[in-house]
Asker: 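Here it is, the structure in full.
A quick note: this is a predicted structure, and the numbers were derived from the prediction, not measured.
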Number of protein chains: 2
Amino acid sequence: MARTGRPRGFDKDQTLTRALELFWSRGYGATSIQDLVDALAVERGSLYGTFGDKRRFYLDAVRLYWEVYERHLIAALDTTPLLPALREILTHPARLDELISDMGVPQGCLVGNTTAELVPHDSEATEVVTRSYRRFTDILTDALRRAQAAGEVTDTARPEAQAQLLLYVVQGLSLVSRAGLDRTAALAAIDTAIDALRA
Amino acid sequence: MARTGRPRGFDKDQTLTRALELFWSRGYGATSIQDLVDALAVERGSLYGTFGDKRRFYLDAVRLYWEVYERHLIAALDTTPLLPALREILTHPARLDELISDMGVPQGCLVGNTTAELVPHDSEATEVVTRSYRRFTDILTDALRRAQAAGEVTDTARPEAQAQLLLYVVQGLSLVSRAGLDRTAALAAIDTAIDALRA
DNA sequence: TGACTTCTTGAACGCCCTGTCAAGAAGTTG
DNA sequence: CAACTTCTTGACAGGGCGTTCAAGAAGTCA
């Protein structure tokens, strides 16, 4: 059953990606529909017809953000040894180079930003955020468990606890980075965290 | 020169504190002046006359939040040994029991929330946030340096790096807590962080 | 070609938001 | 008591917001 009717005049995925960039840099509340219309070169009606209302649009962008991030996370962790990969993950908070080209100032993590702005009073946002955090710790727990078994990572703590701590570090780093990044201090802190994991 | 004219019909500090609670739970954008009027039982004109516009009101609340937090931080760290105090600080993110009575769900750290919502596009907010982070790391660096000298904390990393990492952990924990706190997992992560500091 | 479906356009709607202001109330000072 | 100052009240203005909608444009299908 082929689709009939006038075809869409813009690329849906690409538009969502650009909206994501805008939401990422300005946040949900500070990004108006008019801002999106101007930046995306798509009229209001088309945006509403394609993406629904603003909240749904935003949450779709967050979900896309997390999907891309998770893909990179899994790919990065699928290496041995683990610690250099972990350092890479911590060093580039929310690195989405493929998706977001030519990003300037660090914007933090969109999931973390959503947590601060929409959680807990928006239940759907809370669900998206909670699931993302859970996925992060699950993925890291697996990787840390393997690395502990291989003798690379210390087993003085359970991998679950190490993963949870790494979630805090990544989110804290992403957040604080928004206020201006002192790269030297940040790198020293990251290396301290990584060294603490070494067996 | 005594003040003349009709005296204010409400307590300024107390009103700012209650506004702080509201801003803390709902964020800047989602808290309207009308919300404040309803919750504070102070009319719009009086709020504007006393606190200036909404942004100034909010930033004053953030400054108050930080002042109270910093006082508690310094008091908590002025003990030996340091690590139990650090655990206390991490365990109760943004503990302001004196100021905020009967708080329910964790709201995160107001400075962190401000970072996500107003930084970097609001320069005054950026300044407040940056100064707060700087104060935090300075205070912790001093404490860690003393504890290293006393042989309590490991000197395998510089105290500046340890302090920066603790800032990330506190902010990450505060943020993630907004989305629902698993106390067991959080405590395990905190203990992992504290153990890593032990000499 | 003509019927049908979908997308585009941009004007318009209604709401709520921040911020203002004039009139009255409640104090202090001489 | 009279003059003065400050605070309170609540209506009001102006703007921007999210959202809708009718008319037209651009395709597909028979």
Side-chain angles (χ1 to χ4, degrees), chain A residues 1-62 113-114 117-118 121-125, chain B residues 1-20 22-62 114 117-118 121-125:
Chain A
M1 179 74 86
R3 300 219 336 208
T4 176
R6 177 173 177 175
R8 194 176 283 124
F10 58 95
D11 185 282
K12 184 178 176 179
D13 291 345
Q14 179 182 328
T15 300
L16 182 56
T17 299
R18 292 220 275 168
L20 154 54
E21 296 183 49
L22 225 66
F23 280 130
W24 196 6
S25 66
R26 302 196 205 174
Y28 175 76
T31 306
S32 69
I33 300 290
Q34 191 57 48
D35 289 337
L36 292 164
V37 168
D38 294 343
L40 307 178
V42 175
E43 288 299 329
R44 313 168 76 76
S46 299
L47 287 184
Y48 276 90
T50 306
F51 299 105
D53 63 14
K54 183 185 175 185
R55 203 172 131 278
R56 206 184 300 269
F57 198 11
Y58 178 80
L59 290 176
D60 277 348
V62 176
N113 298 350
T114 303
E117 190 172 356
L118 268 62
H121 62 269
D122 184 313
S123 63
E124 198 172 348
Chain B
M1 178 74 85
R3 300 218 337 207
T4 176
R6 178 175 177 173
R8 192 178 283 125
F10 58 95
D11 185 282
K12 184 177 177 180
D13 291 345
Q14 179 182 327
T15 299
L16 182 57
T17 299
R18 292 220 276 169
L20 155 54
L22 225 66
F23 280 132
W24 196 6
S25 65
R26 303 196 204 173
Y28 175 78
T31 306
S32 69
I33 300 289
Q34 192 57 49
D35 290 336
L36 292 165
V37 168
D38 294 343
L40 307 178
V42 176
E43 290 299 331
R44 312 171 73 75
S46 299
L47 287 184
Y48 277 91
T50 305
F51 298 105
D53 64 13
K54 183 185 175 186
R55 205 172 129 277
R56 205 184 300 268
F57 197 10
Y58 178 80
L59 291 176
D60 277 348
V62 176
T114 303
E117 191 172 356
L118 267 58
H121 61 271
D122 183 315
S123 64
E124 198 173 348

Asker: Which part of the nucleic acid, if any, lies within reach of A:F57 when heavy atoms closer than 4.0 Å are counted: base, sugar-phosphate only, or nothing?
Answerer: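 Contact class for A:F57: none.
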Asker: Between residues 35-43 of chain B and DNA chain C, which residues have a heavy-atom gap below 4.0 Å?
Answerer: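 The answer is none.
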Asker: What is the distance, rounded to the nearest whole Å, between atom CZ of A:R6 and atom C1' of D:dT28?
Answerer: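 Distance, rounded to whole Å: 14 Å.
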Asker: Which of residues 44-55 of chain B have a heavy atom under 4.0 Å from DNA chain D?
Answerer: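 B:R44, B:G45, B:S46 - these, ordered by number, are the residues of the stretch whose heavy atoms sit under 4.0 Å from the strand.
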Asker: Any chance you could measure A:R26, atom CZ, to A:L36, atom CG, to the nearest 0.5 Å?
Answerer: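 One finds 8.5 Å between CZ of A:R26 and CG of A:L36.
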Asker: Return the OG1 to CZ distance between A:T15 and A:R8, rounded to the nearest 0.5 Å.
Answerer: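 The distance works out to 8.5 Å.
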Asker: If we fit an axis to the first five pairs and another to the last five of the helix from C:dT1-D:dA30 to C:dG30-D:dC1, what angle do they make, to the nearest 10°?
Answerer: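 Computed from the C1' atoms at both ends, the axes differ by 10°.
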Asker: Does the distance from a Lys or Arg side-chain N to an Asp or Glu carboxylate O, for A:E124 and A:R56, drop under 4.0 Å?
Answerer: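 No, A:E124 and A:R56 are not salt-bridged.
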Asker: Side-chain donor-acceptor contacts of residues 40-48 of chain B below 3.5 Å, not counting sequence neighbours, with atom names and distances?
Answerer:
residue: B:R44; atom: NH1; partner: B:Q34; partner atom: OE1; Å: 3.0

Asker: Supply the atom-to-atom distance B:L59 CG to B:D122 CG, rounded to the nearest 0.5 angstrom.
Answerer: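 Atom-to-atom, B:L59:CG and B:D122:CG are 6.0 Å apart.
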Asker: Suppose we screen for ring pair (Phe, Tyr, Trp, His ring centres under 6.0 Å). Which residues come up paired with A:Y28, at least two apart in sequence or across chains?
Answerer: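 Checked A:Y28 against ring pair (Phe, Tyr, Trp, His ring centres under 6.0 Å); matches are A:Y58.
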Asker: Any side-chain N or O of A:S32 less than 4.0 Å from the OP1 or OP2 oxygen of D:dC17?
Answerer: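 The answer is yes; a side-chain N or O of A:S32 sits under 4.0 Å from OP1 or OP2.
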Asker: Sequence neighbours left out, what passes side chain to side chain contact (heavy atoms under 4.5 Å, CB included) with A:D13? Give chain and number order.
Answerer: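 Side chain to side chain contact (heavy atoms under 4.5 Å, CB included) check on A:D13 returns A:D11.
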Asker: How many whole angstroms separate atom CD1 of B:I33 from atom P of D:dT9?
Answerer: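 About 16 Å, once rounded to whole Å.
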